[in-house]
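Worksheet for the structure shown next.
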Amino acid sequence: MDKNIPRYNVQLYIYDLSRGMARSLSPIMLGKQLDGIWHTAIVAYGDEFFFGGEGISSCSPGGTMLGNPDTVVELGETEVTEEIFMDYLSSLGETTYRGDRYRLFEHNCNTFTNEVAQFLTGRTIPSYITDLPSEVLATPFGQILRPILDSIHIAPPGGNVIKDAAC
């Protein structure tokens, strides 16, 4: 590695959307223990980036209504410049991660952060987060709830939607 190339820290912010209720209610409702209903975001270049029903958004770290994350995971460093990263996000926001492509179980904030983490650091996000949808859908109650849950679009208020690289 060239020591003259600037490196940028990359973090994964993890939020429990259930605020602890999943831990207590999941054994009753699903017949298995879930520790949380996870929303994740990537923090890099001084901003928090996430995907929801509005598309790709950004804010200052911890700047959505969700407040501070429950957990912060250090993903490592990247040599990708902020300019290249913003171009990458702009491209994703026009194609793969448009708001109308959000799907709670198959194409969500965690799918986005996993892809972005790999782009920036070569690392994936923890599997307990990416495996959660299939764990829920593997239960009878998850199958019953799926039509209702499929209609939900999560978009934490407080972010700025990324429309192009000039944001």
With heavy-atom distances below 4.5 Å as the criterion, would you say the side chains of Leu132 and Trp38 are in contact? yes
Close side-chain approach of Pro6 and Thr81, heavy atoms under 4.5 Å: no
Without swapping roles, check the side chain of Thr96 against the backbone of Leu92 for a donor-acceptor pair under 3.5 Å. no
State whether the side chain of Thr111 and the backbone N or O of Asn108 hold a donor-acceptor pair below 3.5 Å, judged by distance alone. yes
Quick one: does Ser90's side chain get under 4.5 Å of Asp87's, heavy atoms only? no
Take the angle between the ring planes of Tyr8 and Tyr45 and call it parallel below 30°, perpendicular above 60°, tilted in between. tilted
Are Val43 and Phe49 side-chain neighbours, meaning at least one heavy-atom pair lies under 4.5 Å? no
In the structure I gave you, are the side-chain heavy atoms of Gln11 and Leu75 within less than 4.5 Å of one another anywhere? no
Measure the shortest side-chain to side-chain distance between Asn9 and Thr78 over non-hydrogen atoms and say whether it is less than 4.5 angstrom. no
Has Gln33 got a side-chain atom pairing as donor or acceptor with Arg23's backbone, closer than 3.5 angstrom? yes
Taking Glu48 for its side chain and Cys59 for its backbone only, find out whether a donor-acceptor pair lies under 3.5 Å. no
From Glu79 atom CD to Ile5 atom CD1, the distance as rounded to the nearest 0.5 Å: 4.5 Å
Anything under 30° is parallel, anything over 60° is perpendicular, the rest tilted; go ahead and classify His39 against Phe50. perpendicular
Within-4.5 Å side-chain heavy-atom neighbours: Gln118 and Thr124: yes
Can you tell if the side chain of Tyr88 reaches within under 4.5 Å of the side chain of Val80, non-hydrogen atoms only? no
Would you find a donor on one side and an acceptor on the other, under 3.5 Å apart, between the side chain of Gln143 and the backbone of Thr139? no
Under 3.5 Å, is there a donor on one side chain and an acceptor on the other for Asn110 and Thr40? yes
We want to know whether Tyr102 and Glu54 form a side-chain donor-acceptor pair, criterion being a heavy-atom distance below 3.5 angstrom. no
Just by distance, do the side chain of Arg103 and the backbone of Asp100 share a donor-acceptor pair under 3.5 Å? yes
Indicate yes or no for a side-chain donor-acceptor contact from Asp16 to the backbone of Ile37 under 3.5 Å, with no hydrogens or angles considered. yes
Could you grab the distance from atom OG of Ser58 to atom CD1 of Ile42, nearest 0.5 Å is fine? 13.5 Å
Testing Phe112, Phe51, Phe119 for side chain to side chain contact (heavy atoms under 4.5 Å, CB included) with Leu89, which one passes? Phe112
